[in-house]
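All values reported here derive from a predicted model rather than from experimental measurement.
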Amino acid sequence: MKEVIEKLKQMEVGKVRENEPLANHTTMKVGGPADIFIEPSSLENLEKTMEIIKENNIEWRAIGRGSNLLVSDQGIKGAVIKLGKGLDSLKIEGTDITVGAGFSLVSLSVQISRKGLSGLEFASGIPGSVGGAVYMNAGAHGSDISKVLKKAYILFADGTLQWLSAEEMEFSYRTSTLQKKRPGIVLAAVFQLKTGNREEIVAAMQNNKNYRKETQPYDKPCAGSIFRNPLPQYAGQLVQDAGLKGHVIGGAKISEMHGNFIVNTGEGSAEDVLALIQHVKNTVYEIFGVKLETEVEIIGRK
């Protein structure tokens with residue numbers, strides 16, 4: 001592993017660190033170390049990185065801004081590739097925009113709203129990257145990524161690169177083909193938007209942002225929604241009706257603002273969060289007969 005790290009550093013692919021704590025790179029602020037942590041400085045350097053990883057048969061996974069992720073306290077075996085600076089380009093051509101996976105979804109929605117482009121108002125309060133949002137079909141306020149994506153540029157597990165159309169992404173509720181059927185990572189996306197009234201777009205975005213601030217604890221370390229909504233019911237309402245708001249295990253606490261959020265009170269661990277998730281699942285099933293499934297992605301060593 002040390003030889004691989006040295007080679008990547010010599011190639012100057014970007015930031016390369018050994019045993020980097022992933023708590024520093026997730027919005028929940030928990031997670032053990034990655035054997036190798038790489039933040040490529042460009043698409044070209046990402047491709048070089050993947051060649052080295054493939055040559056050495058190293059396990060890998062990609063992360064963006066670290067929202068919607070719960071990383072094990074034992075960390076992640078192999079390489080973790082963070083898609084950030086260097087993969088955050090933006091190109092606007094009429095109503096089509098091409099954006100890099102590392103671009104902040106919130107920043108993107110703000111920038112395009114100022115140009116009078118409509119379609120991403122729903123994303124104004126989603127704290128993640130474009131790549132992560134496309135990967136999991138992020139959504140809110142009755143819309144999601146599948147409604148605006150034209151195509152996505154994917155790096156597959158075998159090292160091949162390919163554009164996939166929205167249809168080929170096989171989107172459904174908070175998921176895409178990349179999560180199970182065709183494992184890969186999003187490098188860039190093309191969104192097809194519409195022209196609209198700039199003031200109306202900005203106002204809608206502000207309303208969405210205000211709603212999130214008033215109802216969700218994004219000012220505290222959290223990973224976003226923990227459970228998928230078992231439609232037509234809502235996970236947060238079930239948790240609230242079960243009397244679990246404010247319930248604490250270790251340093252993990254169910255938010256008193258929203259039942260579908262778990263916050264890190266300061267010294268929380270992934271083990272605390274997992275124990276609280278299981279407690280919620282058991283309690284909701286016992287009371288309502290509903291099996292909750294996690295929306296947050298749980299990764300890392302067992």
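A search for side chain to side chain contact (heavy atoms under 4.5 Å, CB included) contacts involving K7 returns M11, I52, E55, not counting sequence neighbours. Under the side chain to side chain contact (heavy atoms under 4.5 Å, CB included) criterion, N137 pairs with D144, I145, S146, F171, sequence neighbours left out. Listed by chain and residue number, nothing satisfies the ring pair (Phe, Tyr, Trp, His ring centres under 6.0 Å) test with F156 (two or more places apart in sequence, or in another chain). Judged as a side chain to side chain contact (heavy atoms under 4.5 Å, CB included), and not counting sequence neighbours, the contacts of P221 are K29, N264. Take E93 and apply the salt bridge (charged side-chain N to carboxylate O under 4.0 Å, His left out) test, not counting sequence neighbours, and it matches K91.
Linking Ile, Leu, Val, Met, Phe, Trp and Tyr residues whenever their side-chain heavy atoms come within less than 4.5 Å places I58 and L46 in a single cluster. Hydrophobic clustering keeps V273 apart from L22 (ILVMFWY residues linked when any side-chain heavy atoms are closer than 4.5 Å, directly or through intermediates).
Counting non-hydrogen atoms of neighbouring residues, nucleotides and ligands closer than 6.0 angstrom, the CD atom of E271 reaches no more than 12 such neighbours. Heavy-atom contacts from other residues, nucleotides or ligands closer than 6.0 Å to NZ of K15 number 12 or fewer. A 6.0 Å sphere centred on CD of E18 holds more than 12 heavy atoms belonging to other residues, nucleotides or ligands. The environment of CD in Q162 is crowded: more than 12 heavy-atom neighbours from other residues, nucleotides or ligands sit within 6.0 Å.
A donor-acceptor pair under 3.5 Å is absent between the side-chain atoms of Y234 and the main chain of N260, judged by distance alone. The backbone N or O of G251 sits less than 3.5 Å from a side-chain atom of T265, completing a donor-acceptor pair. For D88 (side chain) and G100 (main-chain N/O), no donor-acceptor pair under 3.5 Å exists by modelled atom type.
Checked by atom type, the side-chain pair D241/Q237 shows a donor-acceptor distance below 3.5 Å.
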Side-chain donor-acceptor pairs under 3.5 Å in residues 274-286, sequence neighbours left out?
from, atom 1, to, atom 2, distance (Å)
Q278, NE2, N282, OD1, 3.0
N282, ND2, Q278, O, 3.4
T283, OG1, H279, O, 2.8

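Salt bridge D96/K151: absent, no basic N to carboxylate O contact under 4.0 Å. The existence of a salt bridge linking R61 and E297 is confirmed by a sub-4.0 Å separation between a basic side-chain nitrogen and an acidic carboxylate oxygen.
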